[in-house]
Chemist: 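My questions will all concern the structure given below.
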Amino acid sequence: MSLAVVNPMPIQTGQQNAKSMVSIDAVTMSFGSYVAVQDVNLTVADGEFLAIVGPTGCGKSTILNAIAGLLKPASGTVTIDSAPVKGVQNDIGYLFQQDALLPWKTSIENVELGLLFKGVSSAERRERSMNWLAKVGLKGFEHRYPHQLSGGQRKRVQMAQALISGPKVILMDEPFSALDIHTRHLMQNELLRLWQEERRAVVMITHDLEEAIALGDRVAILAAGPRSRVIESFPVELERPRDVAEIKLDPRFMDLYRNIWASLRGEVEKSYERRD
Ligand SMILES: Nc1ncnc2c1ncn2[C@@H]1O[C@H](COP(=O)(O)OP(=O)(O)O)[C@@H](O)[C@H]1O
Ligand SMILES: [Mg+2]
């Protein structure tokens, strides 16, 4: 397993010098005759947090599923750590918008699942899961079932579940969009705290531009579909650690927001026009 690259400087911004962890080369994704995304090129460095924004239906989840190996590109290649993606990947942590917890399993049993599939012994599974639940602030909640937890707590269990196996790449599909704004800020800060401890390559997709800027090292904009492509990519040179609620008040954040919105806005409008 490769360790995340940690910048020795106390103020960390981009990860320009790190090796490429995810590489998407000339990828086209189709569903029958419908071409959702066409000729997409993107790379994510090891330890880099890439946020992808684009209007609803433009192909964000489709791209994420191609990285995860759940969907096969019509053409082009995806590589992770220099190996071509063929079939479902094991080195990936996936965080979804929906609750992906098994309702009939407790927090700890849910967190243990990833390790179970990897053949880790039961004693080690238990110990590592206990540690991860403590790390996400759920000490004492190990034996609760999902319905006995709040939305934020369930999200914490999901984070532990996604991170426990030390994935090379973390994929996030609008992970916080179902939460109320305060819980969302809390979870975004939690995520940043965990990620700062051990930096991995992250690809997060979102339709929320504020979230993309607050969390990302870089924000890539997708065009409205069909045949969506990356239209522009903006580095976010705001120092870390960040507090997501605070950083939105920073004038540099607002400038960046204005710039990126100028590029994204037209795509959002197009996507509305195409809807009947
Ligand atoms: N399994 C599928 N079959 C047919 N069309 C699909 C399928 N999955 C997604 N699409 C279409 O591809 C486009 C991109 O979808 P998706 O990646 O889910 O968008 P996003 O995540 O950006 O909202 C949409 O127009 C959607 O209707
Ligand atoms: Mg989606």
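For ligands, and for the atoms within them, numbers begin at 1 and follow the listed sequence. What you see is a predicted model, and the numbers here were worked out from it, not measured in a lab.
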Chemist: Is Glu190 salt-bridged to Arg193, going by a charged N under 4.0 Å from an acidic O?
Modeler: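 Salt bridge flag = yes for Arg193 with Glu190.
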Chemist: What verdict does the salt bridge (Lys or Arg N to Asp or Glu O under 4.0 Å) test give for Arg126 and Glu142, after you've listed the backbone C-alpha separation in whole Å, the side-chain angles of each residue and the deciding distance to 0.1 Å?
Modeler: CA-CA 10 Å; Arg126 208 26 60 141; Glu142 295 86 354; over 6 Å; no
Chemist: Can you give me the closest heavy-atom contact between Ala26 and Asn41, atom names plus distance?
Modeler: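 Ala26 and Asn41 have their closest heavy atoms at N-OD1, 2.7 Å.
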Chemist: Quick one, Leu115 and Trp132 - any side-chain contact, counting heavy atoms below 4.5 Å?
Modeler: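 The answer is no; the side chains never approach within 4.5 Å.
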Chemist: Could you check if a side-chain atom of Met172 sits within less than 4.5 angstrom of a side-chain atom of Leu191, using non-hydrogen atoms only?
Modeler: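 Counting from C-beta outward, Met172 and Leu191 do come under 4.5 Å.
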Chemist: Where does ligand 1 get N/O contacts under 3.5 Å from the protein, atom by atom?
Modeler:
{"residue": "ligand 1", "atom": "17 (O)", "partner": "Ser61", "partner atom": "N", "Å": "3.4"}
{"residue": "ligand 1", "atom": "17 (O)", "partner": "Thr62", "partner atom": "N", "Å": "2.9"}
{"residue": "ligand 1", "atom": "17 (O)", "partner": "Thr62", "partner atom": "OG1", "Å": "2.5"}
{"residue": "ligand 1", "atom": "19 (O)", "partner": "Gly59", "partner atom": "N", "Å": "3.3"}
{"residue": "ligand 1", "atom": "21 (O)", "partner": "Ser61", "partner atom": "N", "Å": "2.9"}
{"residue": "ligand 1", "atom": "21 (O)", "partner": "Ser61", "partner atom": "OG", "Å": "2.9"}
{"residue": "ligand 1", "atom": "22 (O)", "partner": "Cys58", "partner atom": "N", "Å": "3.2"}
{"residue": "ligand 1", "atom": "22 (O)", "partner": "Gly59", "partner atom": "N", "Å": "3.0"}
{"residue": "ligand 1", "atom": "22 (O)", "partner": "Lys60", "partner atom": "N", "Å": "2.8"}
{"residue": "ligand 1", "atom": "22 (O)", "partner": "Lys60", "partner atom": "NZ", "Å": "3.0"}
{"residue": "ligand 1", "atom": "23 (O)", "partner": "Gly57", "partner atom": "N", "Å": "2.7"}
{"residue": "ligand 1", "atom": "25 (O)", "partner": "Tyr34", "partner atom": "OH", "Å": "3.3"}

Chemist: Would Asp25 and Ser23 count as a side-chain hydrogen bond (donor to acceptor under 3.5 Å, both in side chains) if you check the C-alpha gap in whole Å, the side-chain angles of each, and the deciding distance to 0.1 Å?
Modeler: CA-CA 6 Å; Asp25 297 301; Ser23 184; 3.1 Å; yes
Chemist: Would you compute the distance between atom CZ of Arg184 and atom CD of Glu211 and round it to the nearest 0.5 angstrom?
Modeler: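 It is 7.0 Å, given to the nearest 0.5 Å.
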Chemist: Atom CG in Leu149, atom CG in Leu101: separation rounded to 0.5 Å?
Modeler: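 With rounding to 0.5 Å, CG (Leu149) is 8.0 Å from CG (Leu101).
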Chemist: Which residues and atoms, protein N, O or S only, are under 2.8 Å from the Mg ion (ligand 2)?
Modeler: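 The answer is Ser61 OG.
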Chemist: Counting only heavy atoms from other residues, nucleotides and ligands, does the tally under 6.0 Å from CZ of Arg265 exceed 12?
Modeler: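 12 or below, so no.
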